[in-house]
Amino acid sequence: MSDVAPPSDLSALWATRLQRALIQHRHPLTQPAAQHVAEALWNGREQPLAALQTLLTAQGLSLDAAALRGVAWSVLGVSAPQASGTGPTDWTRLTGIAELHDLTRPGEVVPLVRLLSDERWLAPDLLQARPWLPAATSAEDVLLGIFDLEWSGFLTHLGSVGPWVYAAGVADIQALAHAYGGVVRLALAHSQADLLAAAFSQVEGEGVPSLLARLGPLAPSADLRADPQTAAALLSAEQTFWAAVQRQARQRTDAWAARRSGG
């Protein structure tokens, strides 16, 4: 482990999530102890399950494997794991189009955002593909900003736990759905340990969980240790997907700017 301090906001967020998760397992942890574990976990994120087990053991806490995985996902902001390995994977549910909303006028943005008020990753997902937009804004501001730069399109939720994307046409959505399906199939072919290692390695200051983190609880459990090469391949697959989404958004932005300027 390298002795490097995590971003202060992130370590505080992890500590809070850790405390909440452990209370659910009837293992309360004081705030200073949770902060210590969170900071140390940052330096052990290449093997997060093994690191978390060691750190909690040092605090006098012992969790079974399933509970340990649940706490690890909770630290990343993902809900308690769903049962995995109990039946055939529903690929249509995980890779298909879960929701599709046609936006043709700016006035449609506000009622749509109200309809989707429970979708916590709506704005972060749309911003992930558009780093040129202001961060830390509401979903309404994000969508209005996108509409101004890209004009009409389809707001789409890919898969039951997947990303929200905004695309100009059906062909664009199909291309992104196909790309995301590849990420899903690769992710669920590997263990939760590998997915945790990949997800922890790309955490940013705001603590928004990666696509791999959202898929992770559905993957096979396996053992505590991750394969670094597998984790790197998983991370690369997610980054490739987001690059494709960003490329579409940039092309649409440039095309609409040229049209408005008469180019």
Side-chain angles (χ1 to χ4, degrees), residues 10 76-78 94-104 106 108-109 112-113 115-187 195 198-199 201-216 233-260:
L10 182 60
L76 287 175
V78 179
L94 290 174
T95 65
I97 295 175
E99 289 190 52
L100 187 146
H101 303 276
D102 185 5
L103 280 174
T104 59
E108 297 170 343
V109 169
L112 179 57
V113 169
L115 178 67
L116 302 175
S117 60
D118 292 335
E119 297 295 334
R120 60 191 299 210
W121 309 126
L122 174 60
D125 285 345
L126 295 174
L127 289 171
Q128 177 80 8
R130 296 166 178 83
W132 50 86
L133 289 179
T137 55
S138 67
E140 181 180 328
D141 289 338
V142 171
L143 262 181
L144 285 171
I146 292 173
F147 200 96
D148 182 56
L149 293 175
E150 303 176 35
W151 202 237
S152 62
F154 296 94
L155 179 65
T156 308
H157 190 200
L158 301 178
S160 58
V161 297
W164 284 92
V165 297
Y166 187 84
V170 174
D172 299 313
I173 294 170
Q174 290 175 333
L176 294 180
H178 178 76
Y180 176 65
V183 174
V184 174
R185 292 179 183 277
L186 179 64
L195 286 160
S201 72
Q202 62 177 320
V203 169
E204 298 181 1
E206 68 274 14
V208 176
S210 71
L211 302 181
L212 297 174
R214 299 178 221 180
L215 288 164
L234 289 164
L235 179 57
S236 177
E238 175 164 349
Q239 291 172 337
T240 298
F241 168 78
W242 282 119
V245 184
Q246 183 172 328
R247 187 163 52 250
Q248 274 196 17
R250 173 53 70 188
Q251 290 171 349
R252 178 63 172 174
T253 297
D254 292 345
W256 181 241
R259 182 177 176 181
R260 286 194 296 186

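For the single chain, residues carry numbers from 1 onward in sequence order. The model shown is predicted, which means the values in this text are computed figures rather than measured ones.
- Side-chain contact between Phe154 and Ile97 is absent, with no heavy atoms from C-beta onward closer than 4.5 Å.
- Between Val165 and Phe241, the closest heavy-atom pair is CG1-CZ, 4.5 Å.
- Remark: Leu215 CG to Arg185 CZ distance equals 12.0 Å, nearest 0.5 Å.
- What you find for Ala213 and Val78 is that their closest heavy atoms are O-CG2, 3.5 Å.
- For the pair Arg259/Trp151, no side-chain contact is recorded, criterion being any heavy-atom separation below 4.5 Å from C-beta on.
- In this structure, the separation between CG on Leu195 and CZ on Arg214 is 13.5 Å, given to the nearest 0.5 Å.
- Both cation-pi conditions hold for Arg250 and Trp132: the charged atom is under 6.0 angstrom from the six-membered ring centre and inside a 45 degree cone around its axis.
- Contact annotation: the side chain of Leu155 approaches that of Leu126 to within less than 4.5 Å [non-hydrogen atoms, C-beta and beyond].
- Here the shortest heavy-atom pairing between His157 and Gly162 reads NE2-O, 3.0 Å.
- With a 4.5 Å cut-off on side-chain heavy atoms, Leu112 and Leu115 count as touching.
- Taken to the nearest 0.5 Å, the CG atom of Asp141 stands 12.0 Å off from the CG atom of Asp148.
- When every heavy atom of Asp125 is checked against every heavy atom of Pro163, the shortest pair comes out as OD2-CA, 3.3 Å.
- Judged by distance alone, with hydrogens and angles left aside, the side-chain atoms of Glu238 form a donor-acceptor pair with the main-chain N or O of Leu212 at under 3.5 Å.
- A donor-acceptor pair under 3.5 Å links the side-chain atoms of Gln248 to the main chain of Asp172, judged by distance alone.
- Counting only heavy atoms from C-beta outward, the side chains of Glu99 and Leu116 approach each other to under 4.5 Å.
- Taken to the nearest 0.5 Å, the CG atom of Leu158 stands 12.0 Å off from the CG atom of Leu94.
- Considering every non-hydrogen atom in both Ala249 and Ala129, the closest pair reads CB-O, 4.1 Å.
- No side-chain heavy atom of Gln251 sits under 4.5 Å from any side-chain heavy atom of Asp254.
- Checked by atom type and distance alone, the side chain of Tyr166 pairs as donor or acceptor with a backbone atom of Gly153 at under 3.5 Å.
- Between Leu149 and Trp256, the closest side-chain pair of non-hydrogen atoms is not below 4.5 Å.
- Side-chain atoms of Leu234 and Leu186, non-hydrogen and from C-beta on, do get closer than 4.5 Å to each other.
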(request) I would like to know whether Tyr180 and Val184 meet side chain to side chain contact (heavy atoms under 4.5 Å, CB included); could you show each step before the answer? (result) CA-CA 6 Å; Tyr180 176 65; Val184 174; 3.4 Å; yes

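- A pairwise comparison of heavy atoms in Ala199 and Ser210 identifies CB-OG, 3.7 Å as the closest pair.
- With values rounded to the nearest 0.5 angstrom, Leu127 atom CG is found 14.5 Å from Trp164 atom CH2.
- Rounding to the nearest 0.5 angstrom, the gap separating the CG atom in Leu144 from the CG atom in Leu103 is 9.5 Å.
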